[in-house]
Amino acid sequence: MALVDARLKADQPIDHDVAGLVAAYAKELRNTPQGAELRRAHVIALLKSGQFDQAFDASSKLGGDDATQASSALRRTMLQELTDRASDIDFLHHAFSQKMEDIDQLDHETKVSMADRFLALGFPLRAENVLAHLQPEDTNDRAQVLAARAALALNKPSKASADLLGVENDEADRLRVRAQQLADARDTALQPLSERGGPAAPDIIISRAEGLQQIPPPGPLAVGNVPAQGALLQSITQKASDGMLARSAELLAQSTRARERIEVMLAGGTQHSSVGN
């Protein structure tokens, strides 16, 4: 435990072998007075060795999710290490699974760092949510600039301008310009077309109505180009010289001839019937 605490205070990594040794002690002595401290040391050893999945899993199994003061302190340590040292994939996986009340327990710098990582990875809404949990008295230039960047990413130029109040530096000036550009673009988009130099809406309707009147009425070929369709049918017939298509064409022709014969026979029978009467 002393080794783990020393590495934690010195902000130094811990080897996997050391983390495994601490885990063995934590399991062996779990029912002793040292059990709780060994469990905490085990989780911290996993964090310091870069095993974030195992650390969060061990924390849950060893009671790291309850509301005791010790568990809350361990949770803060875990989230601090996650924000500062985890890979992007590990960070997103575990940071998104945290409750906002857990994030609310973090110190100011860890919250700002977490929001910075969320924003850098393309999650401005989550960054904005984290920054919203800062205490007003703890707000500084870095937090305000991050809040303005998140607001601009979410297309909130007015909020970005408000977030930058009192901040005087080059980045803040650039963000103010960007916020003004977005606001101007939005105002222009919402402006009536006639105020932007274009025709008014009634003029557009009249113009379109006049254009419709110039369209010639549909003629007999409106449903399609009949000569072209005839040529296409002829081409299909010529290509149907073999295979199933040719056989289908032949059967259709036979059926047509048979129908013609039947019609002739019926007509002849009707004539005979008339003469007999």
Side-chain angles (χ1 to χ4, degrees), residues 1-135 138 142-143 146 150:
M1 289 187 295
L3 174 62
V4 171
D5 287 337
R7 294 292 178 89
L8 179 62
K9 292 179 181 178
D11 198 18
Q12 294 178 347
I14 292 178
D15 295 335
H16 282 221
D17 292 340
V18 174
L21 181 61
V22 175
Y25 276 118
K27 184 176 181 180
E28 180 71 20
L29 303 174
R30 61 182 179 274
N31 294 322
T32 68
Q34 294 82 20
E37 278 299 310
L38 283 170
R39 289 194 295 271
R40 183 188 68 84
H42 174 218
V43 173
I44 293 175
L46 290 171
L47 291 171
K48 283 296 185 180
S49 61
Q51 303 178 74
F52 290 94
D53 290 342
Q54 295 88 332
F56 278 87
D57 184 56
S59 173
S60 298
K61 289 180 179 178
L62 298 175
D65 285 334
D66 60 39
T68 65
Q69 185 175 358
S71 295
S72 297
L74 179 59
R75 175 69 56 177
R76 288 195 297 271
T77 300
M78 293 171 65
L79 293 180
Q80 288 167 354
E81 290 292 320
L82 179 73
T83 300
D84 292 340
R85 290 175 177 78
S87 67
D88 291 343
I89 293 176
D90 284 338
F91 171 77
L92 291 175
H93 174 66
H94 294 291
F96 266 112
S97 66
Q98 302 307 309
K99 301 174 183 177
M100 290 308 297
E101 49 263 35
D102 291 328
I103 294 176
D104 194 37
Q105 299 300 317
L106 297 174
D107 63 87
H108 168 84
E109 287 303 320
T110 303
K111 289 178 185 176
V112 173
S113 297
M114 180 176 282
D116 198 355
R117 284 203 74 173
F118 273 125
L119 189 58
L121 293 172
F123 297 92
L125 182 59
R126 188 67 171 184
E128 186 178 69
N129 291 338
V130 172
L131 292 171
H133 285 73
L134 291 175
Q135 298 299 321
D138 293 334
R142 183 189 177 199
L146 283 174

Side chain to side chain contact (heavy atoms under 4.5 Å, CB included) partners of Q105, counting only residues at least two apart: R76
Pairwise distance CD1(I103) to CZ(R75) - rounded to 0.5 angstrom: 10.5 Å
Shortest non-hydrogen separation from A143 to L131 and the atoms involved: O-CD1, 4.2 Å
Heavy-atom closest contact (A150 atom, L119 atom, distance): CA-CD1, 3.9 Å
Derivation and outcome, side chain to side chain contact (heavy atoms under 4.5 Å, CB included), residues F96 and F118: CA-CA 10 Å; F96 266 112; F118 273 125; 3.7 Å; yes
Partner set under side chain to side chain donor-acceptor pair (under 3.5 Å) for S97, not counting sequence neighbours: none
Considering all heavy atoms, the nearest A127-A115 contact: CB-O, 3.4 Å
Shortest non-hydrogen separation from N129 to M100 and the atoms involved: O-CE, 3.7 Å
Qualifying residues under ring pair (Phe, Tyr, Trp, His ring centres under 6.0 Å), relative to F56, sequence neighbours excluded: H94
Qualifying salt bridge (Lys or Arg N to Asp or Glu O under 4.0 Å) pairs with a residue from residues 110-124, counting only residues at least two apart or across chains: D88-R117, D104-K111, D116-R142
Which residues share a ring pair (Phe, Tyr, Trp, His ring centres under 6.0 Å) with F52, sequence neighbours left out: none
Rounded distance (nearest 0.5 Å) linking atom CG of L47 with atom CG of D84: 11.5 Å
Pair H93-D53, side chain to side chain contact (heavy atoms under 4.5 Å, CB included): steps then yes or no: CA-CA 9 Å; H93 174 66; D53 290 342; 4.1 Å; yes
D107 vs Q80 side-chain heavy atoms within contact, under 4.5 Å: yes
Any side-chain heavy-atom pair of H108 and Q135 under 4.5 Å: no
Any side-chain heavy-atom pair of R126 and M114 under 4.5 Å: no
Validation row: M78, L74 side chains within 4.5 angstrom (heavy atoms): yes
Approximate separation, where rounding is to 0.5 Å, of L82 CG and T77 OG1: 12.0 Å
Q54: partners by side chain to side chain donor-acceptor pair (under 3.5 Å), with sequence neighbours left out: none
Backbone of A45 reached by a side-chain donor or acceptor of S49 within 3.5 Å: yes
Side chain proximity check, L106 to V130, heavy atoms < 4.5 angstrom: no
